[in-house]
Every structure is written in structure tokens, then in C-alpha cells.
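This report concerns only the one structure given below.
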Amino acid sequence: PRFVFQMFLLPTIYLVTSLAYKISPCLCKRGWCKCCAKRAALFTRESTRTRLFEVLFLATYAFYTSISTTIFRVFKCRHIQGKWYLEAQFQVECFEGSWWGYAGFASLGILAYVIGIPFALFYVLRRNRRYLFEEECPPREMHKHALVKRRFGAIYDAYSPKAYYFDLVDMLRRLLLTGGLIVLGERSNSQILLGALVCVCWLCCVLAYQPYRAKWDNILSTMLS
């Protein structure tokens, strides 16, 4: 049940948020915004679109690791007395009956969530690469920079131009420290080794690239890593 719930969680959030985005201008036109004159003055199509992206990115980042971990648990089975059972729910026998349906659904989840979300975010950033930072944006296209920053600034704004994609690398790190360790097994010594290796590699990346724009952000990230 948890697996099915989490698989439909993000699409439900996306759908409800998109409906709110579509409906809100209609409600405002019919006078629903008149209860607060200050709020109505700030309400524009662009402001609602900016808030739409903020909510979608917040939901994606909040649930990405949890959903990915739940998907990986579908493939985590334990061998007991000649049969394989699902560790998350021992009533389910792996490689038999209903498990194949869940496994197929989880495989789609890997494509859509585990791989699809980082790829989609990277594609969006790469496509708008020249408009991400003020110092790199052509003077005549500063309005595009302002638009891109309002919509996607939460992903890249804290990082330097050379490391605009570093938040996606951090998503990969968190994924390896959760889903990757689950696949290896909770009693495996290699789990400890992989966890330590991922953390050391991340520390080396932070030290080598100094990805944040602010010096103290780099220092703090290094200390925490």
C-alpha cells in the first residue's frame, strides 16, 4: 500500500497544483480577490506561474528520495527456506504472481522518477543555460534572465555558473545513500563501505569544485560533508 500511495503521490500533487493554477485567474476575475486589495494588486499570470514552479519543485525535492527508496524496496527480496520473499512485506513472494505486476510498475517508476526527474531538471537548466546568471546573460535578453531566475532559481541560484547543475549531483548522492544501500542489504559490510565511499567522493567534489557562489557556503558544506 505504501508503494502504490507513493507512486501516485507526485502525480496527484502535480495535478492538484496545476488545477489551482488554471482556476485561480478565473476566480480572481469573478471578484474573489477583492477581499484583499493588496493581494489582488500583486496577483498576475506571471506571479501564479512562478508560484506554480515553486510548489512543483518543492514537492519534487521533498519526495524524490522517499519515492525512489520505496521503489527500490520492491526489488529487495530475502531467500528463506528455498523461496524468495519481499523484505518490506513477507506475505509477498518474489518472482511469483502479483509481485511481477508491482515489479513492472516499479520499473516504470525508475524511468519516470529515479531517472526522469533529474534528467528533466538538467534538460531545463541546460536549455536555459545562457540565461541562468546575470553576468553571462546577453544585455538585450535580461528579461529572459529575470524570468528563468524566478521560475528555476531554486535549483541553481546558490551555485556558481560552472556548477549550476550541482543540486542534481546532490540528488544522486542522496539516492545512493538510500536506495543504493538498500539494494546491497542491511547486514552487508559492503553497505558500510559504499556509504563511506559515497561520502568521501562527495567531500572531494565539494573541495575540488567549490560549487557555491558564497565562500561561507562552501566552507559550511565542507564541514558538514
Side chains of Leu121 and Asp167, heavy atoms from C-beta outward: is any pair under 4.5 Å? no

Any non-hydrogen side-chain atom of Leu172 less than 4.5 Å from a side-chain atom of Leu168? no

Do Val92 and Phe95 land in one hydrophobic cluster if side-chain heavy atoms of ILVMFWY residues count as linked below 4.5 Å? yes

Could you check if a side-chain atom of Tyr165 sits within less than 4.5 angstrom of a side-chain atom of Val169, using non-hydrogen atoms only? yes

Any idea which heavy atoms bring Leu132 and Tyr156 closest together, and the distance? O-OH, 2.8 Å

Under 4.0 Å between a side-chain nitrogen and a carboxylate oxygen: does that hold for Glu135 and Arg213? yes

Residues Leu10 and Ala59: closest non-hydrogen pair is CD2-O, 3.7 Å

Flag for Gln6-Ser66: side-chain donor and acceptor within less than 3.5 Å: yes

Taking a hydrophobic cluster as the set of Ile, Leu, Val, Met, Phe, Trp and Tyr residues connected by side-chain heavy atoms closer than 4.5 Å, whether directly or through intermediates, do Val114 and Val4 fall within one such cluster? yes

Looking at Lys215, I'd like to know if its NZ atom is crowded, meaning that more than 12 non-hydrogen atoms belonging to other residues, nucleotides or ligands lie closer than 6.0 Å. no

Honestly curious: do Phe72 and Phe119 fall in one hydrophobic cluster under the side-chain, below-4.5 Å linking rule? no

Ile192 side, atom CD1; Leu197 side, atom CG - distance, nearest 0.5 Å: 13.5 Å

With a 6.0 Å cut-off on ring centres, are Tyr164 and Phe133 close enough? no

Closest non-hydrogen atom pair between Phe75 and Ser107, with its separation: CZ-OG, 3.8 Å

Are the side chain of Asn218 and the backbone of Tyr212 linked by a donor-acceptor contact shorter than 3.5 Å? yes

With a 6.0 Å cut-off (strictly less than), is the heavy-atom count around CD of Glu136, excluding the residue itself, greater than 12? yes

Please say yes or no: joined through hydrophobic side-chain contacts below 4.5 Å, possibly via intermediate residues, are Leu56 and Leu58 part of one cluster? no

Between Ser221 and Asp217 (side chain of the first, backbone of the second, donor and acceptor by atom type, cut-off under 3.5 Å), is there such a pair? no

Ile155 side chain reached by Tyr61 side chain, heavy atoms, under 4.5 Å: yes

Got a sec: does the CZ of Arg129 have more than 12 other heavy atoms crowding it under 6.0 Å? yes

So CD1 of Ile13 and OG1 of Thr17: to nearest 0.5 Å the spacing works out to 7.0 Å

In short, Trp99 meets Val74 closest at the heavy-atom pair NE1-O, 3.0 Å

Of the options Tyr14, Tyr21, Phe57, which is the one that meets Leu52 in a side-chain contact (heavy atoms from CB on, under 4.5 Å)? Tyr21

Could you pull out the closest heavy-atom pair between Pro211 and Val206, with the gap in Å? CD-O, 3.7 Å

Are more than 12 heavy atoms, taken from residues, nucleotides or ligands other than Phe53, located less than 6.0 Å from that residue's CZ atom? yes

Hey, could you give me the CD/CD1 distance between Glu93 and Ile80, rounded to the nearest 0.5 Å? 10.5 Å

So do the side chains of Arg73 and Leu86 get within less than 4.5 Å of each other, counting heavy atoms only? no

Just checking Phe5: does its CZ atom have more than 12 heavy atoms from other residues, nucleotides or ligands closer to it than 6.0 angstrom? no

Would Ile71 and Met7 satisfy side-chain contact (heavy atoms from CB on, under 4.5 Å), going step by step from the backbone distance to the final call? CA-CA 8 Å; Ile71 290 173; Met7 285 292 285; 3.8 Å; yes

Mind checking whether Phe90 and Tyr85 have parallel, tilted or perpendicular rings, split at 30° and 60°? tilted

Does the ring center of Phe63 lie less than 6.0 Å from the ring center of Tyr113? no

What heavy-atom pair brings Tyr64 and Pro118 nearest, and what distance separates the two atoms? OH-CG, 3.4 Å

Should the heavy atoms of other residues, nucleotides or ligands under 6.0 Å from OH of Tyr123 be counted, would the total exceed 12? no

His145 side chain to Tyr131 backbone, donor-acceptor under 3.5 Å: yes

Using a 4.5 Å cut-off on heavy atoms from C-beta on, say whether the side chain of Asp170 contacts that of Arg173. yes

Report yes if the side chains of Val124 and Arg151 come closer than 4.5 Å at any heavy-atom pair, otherwise no. no

Is it true that a side-chain atom of Lys144 and a backbone atom of Cys137 form a donor plus acceptor pair closer than 3.5 Å? no

Distance-only, no hydrogens or angles: does the Thr178 side chain make a donor-acceptor pair with backbone N or O of Leu175 under 3.5 Å? yes

Trp202 and Phe166: aromatic ring centres closer than 6.0 Å? yes

Is there a path from Val55 to Ile117 through hydrophobic residues (I, L, V, M, F, W, Y) whose side chains come within less than 4.5 Å of each other? no

Between CG on residue Leu177 and CD on residue Gln191, distance to nearest 0.5 Å: 10.5 Å

Interatomic distance, SG@Cys199 vs CG@Leu194, rounded to 0.5 Å, equals 9.0 Å

Pair Phe8, Phe105 - check ring pair (Phe, Tyr, Trp, His ring centres under 6.0 Å), show working. CA-CA 11 Å; Phe8 286 103; Phe105 199 24; 5.8 Å; yes

So OG1 of Thr50 and CZ of Phe152: to nearest 0.5 Å the spacing works out to 10.0 Å

Could you tell me whether Arg130 and Glu141 make a salt bridge, using a distance below 4.0 angstrom between a side-chain N and a carboxylate O? yes

